[in-house]
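My questions all concern the structure below.
Whatever order the structure lists them in is the order used to number ligands and atoms, beginning at 1. These values consider heavy atoms only, across backbone and side chains, with no hydrogens, waters or symmetry-generated copies.
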Amino acid sequence: MMNSDQYRTSLDDGRTVYFDGQPVDDVREHPVIGPCATLVAQSYDRIGELYPDGSPFTMAPRSLDDLREANEAIRPLGIMTLLTYASMMAMTTAASRIEEASAASDFPDRIRGMLEDFRERDVRFAQCITDAKGDRSLAPGKQSDPDAYTRVVKRSEEGVWIRGAKLHITGASLAHELMVIPTKAMKPGEEDYAIACCVPVNAPGVTIVDTSTAPTPSERPQSPFSSTDSFPEAMVIFDDVFVPNERLMLDGEIGMAAIFAHSLGLWERVAGLTHMVDDAELLVGLAHLIAEANGLLKVSHINQKISDLIMHATMLRASLDAALSNGSQGEDGTMFPNELYTNAGKYFGASNWHPMVQKVQEIAGGSVITAPTLADLNNPEIGATVKRYMTGATADGEYRARLFHAIRDLTAGNFGGWKAVTKVQGGGGLYAQRIVTRKHFDLNAAREAALHATGLEIPSAD
Ligand SMILES: Cc1cc2nc3c(=O)[nH]c(=O)nc-3n(C[C@H](O)[C@H](O)[C@H](O)COP(=O)(O)OP(=O)(O)OC[C@H]3O[C@@H](n4cnc5c(N)ncnc54)[C@H](O)[C@@H]3O)c2cc1C
């Protein structure tokens with residue numbers, strides 16, 4: 001297993017990274033990306049302490065207990081651990097599904113061989129799914145720019161060359177491997193777009209253009225959530241990147257192009273749902289604490305909003321519990337979370353984030369965005385006065401100001417904006433969760449129940 005020093009050293013591998021228009025010579029020293037590299041390094045040491053015999057997050061869960069334990073244990077270990085777990089689970093799942101679809105395919109063996117190597121090297125993954133996509137109404141093969149979806153541009157006996165860009169890729173500049181997979185199903189004529197492979201982050205032709213909503217150094221002390229949870233997202237450009245045969249997971253098989261996105265979607269959404277639960281409970285806690293600090297705990301409309309937040313958090317926890325307790329076992333023994341509850345829960349949490357945030361902001365008041373900073377509170381000339389006027393029903397103005405900053409960070413600052421968009425778009429967006437939920441919901445049983453309850457029969461056509 002890697003330790004923090006080895007991880008930090010591994011980042012010095014010639015990767016090409018840009019941030020805000022400037023090349024980044026060393027991600028470890030960069031003022032925005034560097035602190036995230038430190039967090040990932042720390043998570044390596046933490047995993048080493050907790051699991052001296054090897055990380056359990058590279059092996060597929062075999063039972064409901066495994067599934068629940070992994071989901072619980074992985075949360076404090078940071079986003080790169082989570083992305084790596086979801087990627088490796090998706091590859092494991094995809095290998096089995098390819099085997100089921102085509103017994104003759106040798107991709108499953110290649111995928112399993114790669115997984116062995118990734119486990120041994122203890123690497124971290126970024127997931128490259130979302131293409132640039134150009135005109136959304138047109139299929140990959142119909143775009144005016146043929147590279148709007150990542151594709152194979154050249155083949156040889158040794159491998160393929162890929163070109164295109166994947167957008168919004170979380171943690172790409174801090175990973176070792178890019179799992180590159182098609183974003184959707186492909187049609188006849190789109191064989192070159194049915195490409196799935198693993199590419200080292202430092203492969204020639206890979207360029208990572210990072211963006212971030214991380215707090216500035218002076219904002220960090222008053223930004224408890226974004227200081228640890230804000231990781232760079234990137235446009236990852238593949239400019240004729242060579243991928244050797246042994247790193248291919250699919251090449252041209254259009255009928256299997258969607259297998260990877262579907263396999264990843266489940267693991268990614270159960271992780272998303274888990275975050276929804278954590279965030280929903282945080283909203284409850286913050287709402288109650290600020291109502292108390294404001295002296296409003298006995299006001300009925302404030303309490304009603306807190307009750308609504310509690311209902312929301314409880315329904316989400318119930319969805320997560322249902323997703324993890326009603327899993328199903330695949331033929332290779334992997335225990336999968338329940339698709340219906342995972343997708344419905346994720347959809348419910350995502351589509352209610354904005355109204356729940358509104359309740360917290362309504363309870364809290366305008367200081368969510370106007371509270372003086374901690375630097376103001378600590379200023380020898382104005383600090384005492386600022387604290388005095390930040391005091392509410394509890395006798396400590398700094399405590400109340402810090403609560404406002406925490407609510408701002410989670411709901412109204414740069415990171416709060418990031419959260420709002422990510423809830424709606426992350427994991428394929430609400431639309432994707434709606435489709436999967438409908439696919440797994442037993443609509444016929446509901447129709448039958450309605451007919452039975454009303455004593456009706458569907459009229460015959462003639
Ligand atoms: C913070 C963040 C992190 C992310 N991390 C990753 C990551 O690590 N890896 C990764 O691969 N992706 C990642 N994503 C991407 C995420 O999955 C996408 O944002 C999402 O799938 C939507 O794609 P898009 O942003 O291109 O929007 P679009 O596809 O343009 O969609 C915009 C809206 O239009 C609708 N729409 C689009 N096309 C059609 C159509 N043909 N018919 C009907 N409706 C349509 C969509 O449903 C959506 O509501 C991340 C996104 C965010 C915000």
#### Entry: Heavy-atom protein contact below 4.0 Å for atom 21 (O) of ligand 1
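True for atom 21 (O) of ligand 1.
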### Query
Which residue and non-hydrogen atom of the protein lie closest to atom 8 (O) of ligand 1, and at what distance in Å?
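Answer for atom 8 (O) of ligand 1: Thr170 N, 3.0 Å.
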#### Entry: atom 51 (C) of ligand 1 - nearest protein heavy atom and its distance
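Protein heavy atom with the smallest distance to atom 51 (C) of ligand 1: His168 CB, 3.7 Å.
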### Task
Determine, counting only non-hydrogen atoms of the protein, whether one lies under 4.0 angstrom from atom 44 (N) of ligand 1.
no
#### Entry: Closest non-hydrogen atom pair, Leu64 against Ser325
CD1-O, 3.5 Å
### ligand 1 N/O within reach of Asp131 N/O, cut-off under 3.5 Å
no
### Query
Is at least one protein non-hydrogen atom found at under 4.0 angstrom from atom 35 (C) of ligand 1?
no
### Message
Assess, by modelled atom type and distance only, whether the side chains of Thr183 and Asp131 contain a donor and an acceptor separated by less than 3.5 Å.
### Response
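Result is no, nothing qualifies.
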### Message
Is it the case that the ring center of His405 lies less than 6.0 angstrom away from the ring center of Phe225?
### Response
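Centroid distance Phe225-His405: not below 6.0 Å, so no.
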### Task
Please determine if Gly429 has a nitrogen or oxygen closer than 3.5 Å to a nitrogen or oxygen of ligand 1.
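Looking only at distances, the answer is no, because the N/O contact criterion of under 3.5 Å is not met.
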### Task
Could you tell me whether Arg62 atom CZ has more than 12 heavy atoms of other residues or ligands within 6.0 Å of it?
yes
## Note on the structure
Near Gln127 (heavy-atom distance under 4.0 Å), the atoms of ligand 1 are 7 (C), 8 (O), 9 (N), 10 (C), 11 (O)
### Task
Could you pull out the closest heavy-atom pair between Gly427 and Arg269, with the gap in Å?
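Closest approach of Gly427 to Arg269: O-NE, 2.9 Å.
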### atom 10 (C) of ligand 1 touched by protein heavy atom at under 4.0 Å
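When distances to the protein are checked, atom 10 (C) of ligand 1 has a heavy atom within 4.0 Å.
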### Task
Indicate yes or no: does an N/O atom of Thr130 lie under 3.5 Å from an N/O atom of ligand 1?
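Yes; the residue has a nitrogen or oxygen that sits under 3.5 Å from a nitrogen or oxygen of the ligand.
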#### Entry: Atoms of ligand 1, numbered as shown, that sit under 4.0 Å from any heavy atom of Trp418
1 (C)
### Quiz item: cation-pi between Arg97 and Phe336, 6.0 Å / 45°
yes
### Query
Is it true that atom CD1 of Ile369 has more than 12 heavy atoms of other residues, nucleotides or ligands lying nearer than 6.0 Å?
no
### Task
Around atom 26 (O) of ligand 1, find the nearest protein heavy atom and jot down its residue, atom name and distance.
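Of every protein heavy atom, Lys133 NZ, 2.9 Å lies nearest to atom 26 (O) of ligand 1.
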### Query
Are His312 and Phe348 near enough that their ring centres are under 6.0 Å apart?
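That pair passes the under 6.0 Å test.
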### Message
Between ligand 1 and Gly428, can you find any atom pair, the residue atom being a heavy atom, that is separated by under 4.0 Å?
### Response
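It does, in that a heavy atom of Gly428 comes within the 4.0 Å cut-off of ligand 1.
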### Task
Using distance alone, decide if ligand 1 has a nitrogen or oxygen within less than 3.5 Å of any nitrogen or oxygen in Thr422.
no
### Task
Enumerate the atoms of ligand 1 whose separation from the nearest heavy atom of Tyr431 is less than 4.0 angstrom.
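Listed by number with element, the hits are 47 (O).
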### Query
For atom 40 (C) of ligand 1, what is the nearest protein heavy atom, given as residue, atom name and distance?
Arg136 O, 4.1 Å
### Task
Return the minimal non-hydrogen interatomic distance between Tyr18 and Val24, and the atom names on each side.
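So the two residues come closest at C-CG2, 4.0 Å.
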### Query
Is it the case that more than 12 heavy atoms not belonging to Lys187 sit under 6.0 Å from its NZ atom?
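Atom NZ in Lys187 is not packed in, count stays at 12 or less.
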### Query
Counting heavy atoms not belonging to Glu49, are there more than 12 under 6.0 Å from its CD?
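Correct, the count exceeds 12.
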### Sub-6.0 Å ring centroid separation between Tyr85 and Phe125
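Judged by ring-centre distance (under 6.0 Å), Tyr85 and Phe125 do not meet the cut-off.
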### atom 28 (P) of ligand 1 within contact range, any protein heavy atom under 4.0 Å
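For atom 28 (P) of ligand 1 the answer is yes, since some protein heavy atom falls inside 4.0 Å.
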### Identity and distance of the protein heavy atom lying nearest atom 31 (O) of ligand 1
Gln425 OE1, 4.7 Å
#### Entry: Contacting atoms of ligand 1, where contact means under 4.0 angstrom from a heavy atom of Ile169
7 (C), 8 (O), 9 (N), 10 (C), 11 (O)
